[in-house]
Amino acid sequence: MTVPQNTASQDVAFYAWPAPPEAWPEPLRREFADRAGNGEVGSRLVSETDRVRVWLLSLAPGERIAFHTHVLDYFWTAVTGGRARSHYADGRVAEVTYAAGDTQHHRYAAGAFMIHDLENIGDTELVFTTVEFLDSANPPLRLDRAA
């Protein structure tokens with residue numbers, strides 16, 4: 001399947017990305033600062049139309065997806081169960097147990113966003129499907145950011 005080139009003209013200056021939490025170790029703080037505004041919310045973009053982006057996120061035990069930013073309305077579904085840890089821009093660190101089929105919907109008002117990472121802290125592969133809606137209150141972020 002071919003994936004259309006992203007044609008979003010999002011100006012990331014529209015957003016004021018927060019500074020990383022002071023309590024975090026310096027490597028985490030540096031990565032957060034470097035990747036705020038990165039719209040790559042999965043391991044692989046598997047499909048994109050004028051309405052949606054569909055992502056696969058697959059993490060082996062101990063593997064982590066670096067910080068990324070959600071600005072679009074979206075939902076995710078856990079394809080497999082497992083455990084994960086996320087660091088959030090507000091300093092929270094959350095550990096969550098997922099069951100296959102768990103689904104969560106997120107909606108963002110104009111100018112709103114969420115920045116986080118995700119690490120597989122379980123002993124099995126963790127797989128999610130994420131669907132972003134391009135007709136959200138915010139324009140999509142570019143996907144060509146260096147990270």
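Just so you know, these numbers use all the heavy atoms, side chains as well, and skip hydrogens, waters and symmetry mates. Bear in mind the structure is a predicted one, so any value in this text is a computation, not a measurement. Residue numbers start at 1 and run along the sequence shown.
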Next item on the list: For E95, enumerate each residue passing the salt bridge (Lys or Arg N to Asp or Glu O under 4.0 Å) test, keeping only those at least two apart in sequence or located in another chain.
Entry: R83, R85
Margin query: Just to verify, what does D50 make a side chain to side chain donor-acceptor pair (under 3.5 Å) with, not counting sequence neighbours?
Written below: none
Item checked: Residues in side-chain contact (heavy atoms from CB on, under 4.5 Å) contact with T124, at least two apart in sequence or another chain -> none
Next item on the list: Would you please classify the geometry between the H70 ring and the H68 ring as parallel, tilted or perpendicular, with 30° and 60° separating the classes?
Entry: perpendicular
Note to self: In terms of relative ring orientation, are H116 and Y88 parallel, tilted or perpendicular, with 30° and 60° separating the classes?
What the structure shows: parallel
Checklist line | Residues which pass side-chain contact (heavy atoms from CB on, under 4.5 Å) with A23, listed by chain and number, not counting sequence neighbours | finding: none
Next item on the list: Using ring pair (Phe, Tyr, Trp, His ring centres under 6.0 Å) as the criterion, list what pairs up with F133, not counting sequence neighbours.
Entry: none
Check: side-chain hydrogen bond (donor to acceptor under 3.5 Å, both in side chains): which pairs involve residues 18-28, sequence neighbours left out?
Finding: none
Item checked: Listed partners of T77 passing side chain to side chain donor-acceptor pair (under 3.5 Å), at least two apart -> T103
Checklist line | Sequence neighbours excluded, every pair satisfying salt bridge (Lys or Arg N to Asp or Glu O under 4.0 Å) that has a member inside residues 121-141 | finding: R53-E132
Next item on the list: Mind jotting down which residue pairs meet the salt bridge (Lys or Arg N to Asp or Glu O under 4.0 Å) criterion with at least one end in residues 101-116? Sequence neighbours excluded, please.
Entry: D73-R107
Check: Which residue pairs pass the ring-ring contact (aromatic ring centres under 6.0 Å, His included) test with at least one member in residues 34-55, sequence neighbours excluded?
Finding: none
Margin query: Restricting to side chain to side chain donor-acceptor pair (under 3.5 Å), what partner residues turn up for Q104, sequence neighbours left out?
Written below: H106
Notebook entry, point to check: Strictly under 6.0 Å, is that where the ring centroids of Y15 and F113 end up?
Noted result: yes
Margin query: So, using salt bridge (Lys or Arg N to Asp or Glu O under 4.0 Å) as the criterion, who are the partners of R51 when residues are at least two apart?
Written below: none
